[in-house]
Amino acid sequence: MEINFSPDQPGRQGQMSCFGFGVKIQRLLYDQSSNTVPSPLSREYGEFAPRVPFKELQTAILALGHTIELDKHNTSSDMDCYRVSASAARIHVVADPDPYGSGDPDPDGRQRGDVWSVDVW
């Protein structure tokens, strides 16, 4: 998880203000050590999968009554970006698992349709 702070908020001199946070799921592809997921979370929820298929997350969000739409302004050739209705959430999904042509399958383990990250800002 990443939390973003900025010291440049009007009227808040000398204080840091949080302007966003994100869950960086792709980090689980690269580091499966016990330090990646805090032990209280592992104890409570078990082992975390290194990949999350977008279809699974989409199904869960739709079941909560939200809609998901493609954010064409933040989508690129290798990454799709989706917006969740009534929220500031953005879901980044792998569209091209090998954007640099390193080989198939992707040496980093990415697969088309994997959730890369979920950000709120």
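Along the sequence shown, residues carry numbers from 1. Side-chain atoms are counted along with the backbone in the values below, which use heavy atoms only and exclude waters and symmetry mates.
V94 places none of its side-chain heavy atoms less than 4.5 Å from the side chain of D78. For the pair H66/Q58, no side-chain contact is recorded, criterion being any heavy-atom separation below 4.5 Å from C-beta on. In this structure, the side chains of D119 and K24 come closer than 4.5 Å at one or more pairs of heavy atoms. Contact check for Q26 versus S117: side-chain heavy atoms found under the 4.5 Å cut-off.
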Could you tabulate the donor-acceptor pairs under 3.5 Å formed by side-chain atoms of residues 50-57, not counting sequence neighbours?
from: R51; atom 1: NE; to: D114; atom 2: OD1; distance (Å): 3.2
from: R51; atom 1: NE; to: D114; atom 2: OD2; distance (Å): 2.8
from: R51; atom 1: NH2; to: Q111; atom 2: OE1; distance (Å): 2.6
from: R51; atom 1: NH2; to: D114; atom 2: OD1; distance (Å): 3.2

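T75 pairs by the side chain to side chain donor-acceptor pair (under 3.5 Å) definition with nothing, not counting sequence neighbours.
W116 contributes atom CH2, which lies 5.5 Å from atom CE of M79 (distance to the nearest 0.5 angstrom). Here the CG atom belonging to L62 is positioned 8.0 Å from the OG1 atom belonging to T67, to the nearest 0.5 angstrom. A distance of 5.5 Å separates CZ of R83 from CG of D71, quoted to the nearest 0.5 Å.
Cluster annotation: I68 and L70 are assigned to the same hydrophobic cluster (Ile/Leu/Val/Met/Phe/Trp/Tyr, side-chain heavy-atom contacts under 4.5 Å, transitive). No continuous path of ILVMFWY side-chain contacts below 4.5 Å connects V23 to L41, so the two sit in separate hydrophobic clusters. Follow the hydrophobic side-chain contacts under 4.5 Å out from F21 and you never reach V37; the two are in separate clusters. Under the 4.5 Å side-chain heavy-atom criterion for Ile, Leu, Val, Met, Phe, Trp and Tyr, L28 and V118 are members of distinct hydrophobic clusters.
When atom types are taken as modelled, the side chain of H92 and the backbone of C81 share no donor-acceptor pair closer than 3.5 angstrom.
Minimum heavy-atom separation, S77 to A95: O-CB, 4.1 Å.
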task: Output, in order, the C-alpha distance, side-chain angles, deciding distance and verdict of side chain to side chain contact (heavy atoms under 4.5 Å, CB included) for D80 and Y82.
output: CA-CA 7 Å; D80 290 331; Y82 295 89; 3.7 Å; yes

